[in-house]
There are 2 protein chains.
Amino acid sequence: MAEKKTTRIQRQNKHRIMQAALEVFSTSGYRGATIDQIAKTAKISKSSIFYYFPSKTEIYISLLTETLEEWLEPLRVLDHDGDPADEIMKYVDRKLQMSRDNPKASRLFANEIMHGAPNISDILHGSLKQLVDEKCVIIQQWIDEGKLVSVSPYHLIFMIWAATQHYADFEVQVDAIVDECMGRDQCFDEARETLRTVFLNGLLPR
Amino acid sequence: MAEKKTTRIQRQNKHRIMQAALEVFSTSGYRGATIDQIAKTAKISKSSIFYYFPSKTEIYISLLTETLEEWLEPLRVLDHDGDPADEIMKYVDRKLQMSRDNPKASRLFANEIMHGAPNISDILHGSLKQLVDEKCVIIQQWIDEGKLVSVSPYHLIFMIWAATQHYADFEVQVDAIVDECMGRDQCFDEARETLRTVFLNGLLPR
DNA sequence: TTCATTTTTGACCGTTTGGTCCAGTTTTTA
DNA sequence: TAAAAACTGGACCAAACGGTCAAAAATGAA
């Protein structure tokens with residue numbers, strides 16, 4: 001049985017390192033990030049980082065797996081018994097909110113996937129695919145029941161992912177293009193309204 | 001006046017290096033790419049690369065600027081005098097086609113933007129913003145003329161970008177999730193149909 | 001206080017990387 | 001065909017990087 005002794009200092013420092021690592025990995029990617037950067041961001045020495053983690057890779061993988069569950073959760077709650085319009089907009093809203101509140105986590109995954117997902121390939125083909133498959137069945141049922149127009153459930157999910165995560169992953173591009181006098185909140189409100197209009201009009205039969 | 005002497009060998013080799021650089025930069029990002037990788041991919045020695053280009057950064061920036069025009073072109077042809085439904089679907093189709101035919105270019109930009117766009121920040125705020133502003137006026141006119149439902153033109157464009165580029169940038173995720181017995185062409189056909197349904201239903205008033 | 005344990009850090013190491021140099025080879029030109 | 005120009009590649013360099021280590025500093029139990 002593994003020892004369970006984790007002191008307060010250990011938890012504090014591990015947490016500080018993970019925070020700093022998220023900051024650095026999400027903006028520079030795995031290869032672009034350096035331990036020195038993480039150390040400086042965490043205000044700790046490089047050696048101390050290796051006292052708490054065995055390697056750079058280990059920090060990175062810890063980050064990915066730790067963030068993943070939270071990342072998938074919104075899709076998990078998609079419920080067949082709810083109203084399709086409500087359920088879909090709830091999903092869009094939650095994903096959009098995550099892009100606003102934790103864009104770094106989004107960019108962390110985006111980086112990993114764009115580089116070929118070498119560390120989470122099994123998850124993509126495993127639990128992620130399984131979850132998406134499940135939810136696609138639900139969407140297909142809605143379609144069969146005449147509650148939604150006929151689209152490919154898979155590509156609908158991709159479309160929701162893309163449209164919402166865009167605001168996290170391509171934040172600097174969005175910021176460059178929308179009027180600089182527009183506040184962050186207002187930008188997300190407009191995004192929400194646009195997504196609501198397009199998805200609900202686009203998917204609900206009349 | 002600058003010299004214009006470019007031999008056949010120069011053009012050939014520069015082109016081969018650029019091809020290899022696109023391959024490597026798009027999969028590894030700027031920082032993750034190494035000159036050795038590019039050299040090996042181009043089947044040329046590292047020194048030869050530095051004979052044709054002064055630095056790694058210069059190769060990268062050349063690639064970005066060279067690919068950029070082609071990248072923006074589909075938006076340029078969006079025409080106010082055309083039918084809104086046709087124009088928007090033409091735009092979606094072309095962007096989707098580019099994601100299929102040249103995903104590496106898409107990932108090159110995605111990487112650059114996700115890392116804060118240090119090399120194309122001026123373009124983002126300059127010609128890109130200007131182009132988007134122009135086209136948003138057209139979309140707003142369509143809305144004012146009652147030809148489209150009321151949405152934010154900016155966020156509509158973001159949505160089209162996101163939904164189409166997703167298939168290039170997150171290719172491995174898409175491949176992991178869609179049925180492996182589905183061919184690439186079929187996948188893009190289904191994507192096209194789904195985007196068509198959602199955007200046209202979502203945007204056209206009735 | 002004493003002493004063992006945990007934590008921190010600066011110095012150091014081997015490898016990788018962007019980039020240089022130059023001697024040699026090929027291609028162009030006259 | 002021979003000189004000049006363009007081109008190639010192996011040896012090399014300095015900086016940056018991931019990671020190690022031992023000694024010092026902080027912490028905690030008696």
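First the proteins, then the strands, lettered A, B, ... as listed; each starts at 1.
In this structure, Gln10(A) does not reach the dT6(C) phosphate: none of its side-chain N or O atoms is under 4.0 Å from OP1 or OP2. OP1 and OP2 of dT8(D) both lie 4.0 Å or more from every side-chain N or O belonging to Tyr51(B).
In this structure, Asp169(A) and Phe170(B) have side chains that are in contact, with non-hydrogen atoms separated by less than 4.5 Å.
Asn13(B) has its CG atom 13 Å from the C1' atom of dT27(C), to the nearest Å. Between Glu58(B) atom CD and dG18(C) atom C1' the separation is 14 Å, expressed in whole Å. Summarising the geometry, the separation between CD1 on Ile17(B) and P on dC7(D) is reported as 11 Å, rounded to the nearest angstrom. Regarding Gln37(B), its CD atom lies at a distance of 9 Å from the P atom of dG18(C), rounded to whole Å. Distance NZ (Lys40(B)) to P (dG9(D)): 16 Å, rounded to an integer number of Å. Atoms CD1 (Ile38(B)) and P (dG19(C)) sit 10 Å apart, rounded to a whole Å.
Within 6.0 Å of NZ in Lys129(B) there are more than 12 heavy atoms belonging to other residues, nucleotides or ligands.
A salt bridge is absent between Asp36(A) and Lys40(A); no separation between the charged side-chain nitrogens and carboxylate oxygens falls under 4.0 Å. One finds no salt bridge joining Arg76(A) and Glu73(A) here, because no Lys/Arg side-chain nitrogen approaches an Asp/Glu carboxylate oxygen to under 4.0 Å.
A pairwise comparison of heavy atoms in Leu124(A) and Gln173(B) identifies CD2-CA, 4.0 Å as the closest pair.
In this structure, Tyr52(A) reaches the sugar-phosphate backbone alone: every heavy-atom distance under 4.0 Å involves primed, P, OP1 or OP2 atoms, never a base.
Interatomic distance, Ile123(A) CD1 to Gln130(A) CD, rounded to the nearest 0.5 Å: 12.5 Å.
Arg100(A) places no side-chain N or O within 3.5 Å of a backbone atom of Arg184(A) that could act as its donor or acceptor partner.
For Tyr60(B), the ring pair (Phe, Tyr, Trp, His ring centres under 6.0 Å) criterion is met by Phe25(B), Tyr30(B), not counting sequence neighbours.
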Return the polar atom pairs (N/O with N/O) between nucleotides 25-30 of chain D and the protein under 3.5 Å, or none.
none

I'd like a list of close polar pairs between nucleotides 15-20 of chain D and the protein, N/O only, cut-off under 3.5 Å.
| unit_1 | atom_1 | unit_2 | atom_2 | d |
| --- | --- | --- | --- | --- |
| dC17(D) | OP1 | Arg31(B) | NH2 | 2.8 |
| dG18(D) | OP1 | Ala33(A) | O | 3.3 |
| dG18(D) | OP1 | Lys56(A) | NZ | 3.0 |
| dG18(D) | OP2 | Ile35(A) | N | 2.9 |
| dG18(D) | N7 | Lys46(A) | NZ | 3.3 |
| dG19(D) | OP2 | Lys56(A) | N | 2.7 |
| dG19(D) | N7 | Lys46(A) | NZ | 3.4 |
| dG19(D) | O6 | Lys46(A) | NZ | 2.8 |

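The aromatic rings of Trp142(B) and His80(B) lie parallel to each other, with less than 30° between the two planes, well short of the 60° mark.
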